[in-house]
Amino acid sequence: MTNIFEAASRSNSMFSDRRVFDPRHSPSTLRHRDAQVHAMVLNLADALEGHIPGNMILYGTTGAGKTAAARFVIQQLEERAEAIGSSVTSHEVNAQHTNTRYRVLHSIATRLWEKGDVTIPFTGWPADRVLEETVRRMDRRSGVHVIVLDEMDRLATQSEEQLLYDLTTLNVLLSTARASIIGISNDFSFTDSLTGPIRSRLAAEDIVFTPYTADQVNDILIDRATDGLREGTWDESGIRLCADLAAKEHGDARRAIDLLRVSAQRAEIGDANSINIEHVISAQAQMEQDRAITLMQGLPEHQKLILMSILINQRNGVHTQNSGTIWETYTQACSRAGFRPLTSRRVSTIINEFDSAGLAHVRNVFLGRHGRTKHVYSLIPKGIDAIQILSQDNPGLEAASKGAYKLQKRLG
DNA sequence: CCTCCACCGGAAAGCCGGGTCA
DNA sequence: TGACCCGGCTTTCCGGTGGAGG
């Protein structure tokens, strides 16, 4: 009898090194980002002499190489600093989850923890005290601290202003150490929302990452394939298709790399010798479906119910869905499920969140005499039973969806 | 040309469950 | 134990808003 793991780690695996496809993998060379890297280097070079390097913000769409470039440059900076005996410490914080003043400071201070330090609790302290402790630990380490604040546009609005104020004035509070901020943002208008002094201190230098073209994504993928896939398991046509599909998604290299990885897995499962067009196409479809299913399953109850209302409307042939019709269906669904409905104001923001999550397309429309509303349509990939996924394992939601079937029958 | 529709979305505040600390 | 703090989610309040139709 063969061991199940032995069977899984077959010798004819497509991959020679799977780590190459890990999102945290940092390649040895960075393609098509010379100008941006150069700008960052000029800005950070001061750090090596112990001066304060300027703050900067990297702008660009997802998968445009911002984070990769920041990591690449910082890694080189740290290596160089070590070689010449100067001290550079980097802190990477992703504001998607570490999204408040307290959490960002907590994260920086915690990484500077040394034996004998108190452990800062993840909540409970006044934020000012966390700031004090962070400053103390930075000073103790001394040297230059480069703080990379990734996805900074995702900071919670209430703490955003205060945190950025703290970070940009760190050098006033520090005595022996120096700090520099590298902000990374998907949103080009991010700095508009900031007050003048913070904006000018933070955005001393703006570095823009334009989306990769299909050709550039192609180059990146060829690098990855060379490093991570076995020879003879891939050819130009498969890579080209991955690149073209990604270019449609605004030159998202991260997604393209992921698509290549899933395509290789598909080929592996199908016992093929190499990746072909079919593998890429089915990988693309699978990724879209998986993404939507994961998102839907993770939604809170009321979000599920609202999304379900959109889907029910669509199934019932309501061609133009606006906020009013969705709210009507939603309140009916609530009474069937036995929930107290949220206010229409709240529902409105939730619908907008569906748009940014890619679950629905939402557009504001002005209908003159007939007022102002949103037009909404679902972007959930065909081939998945979304209503079933949304209602499963929740009696209330199941009741709501069953009631909707009855309604449909009556209409039919 | 002016009205007024039917909702938009920012701001602020409340509630609540998580926590610390003396 | 009670005063105090943090942060997510929600409600309340309210000043907009483009253009069809009178």
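Letters go in sequence order (proteins before strands), and every chain restarts at 1.
- Contact annotation: A:Asn352 reaches the phosphate of B:dG9 (side-chain N/O to OP1 or OP2, under 4.0 Å).
- The pair A:Asp244-A:Lys248 does not count as a salt bridge, with every side-chain nitrogen at least 4.0 angstrom from each carboxylate oxygen.
- With respect to A:Arg291 and A:Glu288, no salt bridge is recorded, no charged nitrogen being found less than 4.0 Å from a carboxylate O.
- Note on residues 51-62 of chain A: pairs passing side chain to side chain donor-acceptor pair (under 3.5 Å), not counting sequence neighbours, are A:Tyr59-A:Thr191.
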message = A:Asp117 vs A:Arg136, test: side-chain contact (heavy atoms from CB on, under 4.5 Å). Steps then yes/no.
response = CA-CA 11 Å; A:Asp117 281 345; A:Arg136 192 183 70 79; 3.2 Å; yes
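- On the nucleic acid side, DNA chain C contacts chain A at distances under 4.0 Å to non-hydrogen atoms, with the end points of that region at C:dC5 to C:dG21.
- Atom CG of A:Leu342 and atom P of B:dC15 are 17 Å apart (whole Å).
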Close N/O contacts between protein and nucleotides 18-22 of chain B (under 3.5 Å):
unit_1, atom_1, unit_2, atom_2, d
B:dG18, N2, A:Thr123, OG1, 3.4
B:dT20, O3', A:Trp125, NE1, 3.4
B:dC21, OP1, A:Trp125, NE1, 2.5
B:dC21, OP1, A:Arg129, NH1, 3.0

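- Here A:Glu114 pairs with A:Arg140 in a salt bridge; the nearest charged N to carboxylate O distance falls below 4.0 Å.
- When heavy atoms are screened at a 4.0 angstrom cut-off, A:Arg345 is found touching base atoms of the nucleic acid.
- At B:dC7, none of the side-chain N or O atoms of A:Lys374 fall inside 4.0 Å of OP1 or OP2 (strictly under the cut-off).
- Straight-line distance from the NE2 atom of A:His375 to the P atom of B:dC8: 11 Å, rounded to whole Å.
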When you compare the protein's N or O atoms with those of nucleotides 4-6 of chain B, which come within less than 3.5 Å of each other, and at what distance?
unit_1, atom_1, unit_2, atom_2, d
B:dC5, O4', A:Arg369, O, 2.9
B:dC5, O2, A:Gly368, O, 2.5
B:dC5, O2, A:Arg369, O, 3.4
B:dC5, O2, A:Gly371, N, 2.9
B:dA6, N3, A:Arg372, N, 3.1

request  = Walk me through it: do A:Leu359 and A:Met296 pass the test side-chain contact (heavy atoms from CB on, under 4.5 Å)?
outcome  = CA-CA 8 Å; A:Leu359 289 171; A:Met296 288 194 292; 4.2 Å; yes
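- Note on A:Glu133 versus A:Arg137: salt bridge recorded, some NZ/NE/NH1/NH2 to OD/OE distance being below 4.0 Å.
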Side-chain polar contacts of residues 298-308 of chain A - donor-acceptor pairs under 3.5 angstrom, sequence neighbours left out - could you list them?
unit_1, atom_1, unit_2, atom_2, d
A:Glu301, OE2, A:Asn394, ND2, 2.9
A:His302, ND1, A:Tyr330, OH, 2.7

task = Begin from the C-alpha positions of A:Asp258 and A:Arg261 and carry the test salt bridge (charged side-chain N to carboxylate O under 4.0 Å, His left out) through to its verdict.
result = CA-CA 5 Å; A:Asp258 223 29; A:Arg261 179 181 60 82; 3.0 Å; yes
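- In summary, of the residues considered (A:Met40, A:Gln36, A:Arg33, A:His38), a side chain to side chain contact (heavy atoms under 4.5 Å, CB included) with A:Val73 occurs for A:Met40 alone.
- For the strand DNA chain C, secondary-structure stems (runs of at least three Watson-Crick or G-U pairs, all distances below 3.5 Å) span B:1-22 with C:1-22.
- In this entry the distance linking CG of A:Asn322 with C1' of B:dC8 reads 13 Å, nearest Å.
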key: Derivation of the side chain to side chain donor-acceptor pair (under 3.5 Å) call for A:Thr67 and A:Arg71   = CA-CA 6 Å; A:Thr67 310; A:Arg71 285 183 188 155; 5.8 Å; no
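- Ion pair A:Asp128/A:Arg101 flagged as a salt bridge, since at least one NZ, NE, NH1 or NH2 atom sits closer than 4.0 Å to an Asp/Glu carboxylate oxygen.
- The distance between atom CG of A:Asp355 and atom P of B:dG9, rounded to the nearest whole Å, is 11 Å.
- Looking at which nucleotide of DNA chain C each of A:Pro126 and A:His97 is closest to, the 5′-most match is held by A:Pro126.
- Looking at A:Ser142, its side chain never comes within 3.5 Å of a backbone N or O of A:Met138 through a donor-acceptor pair.
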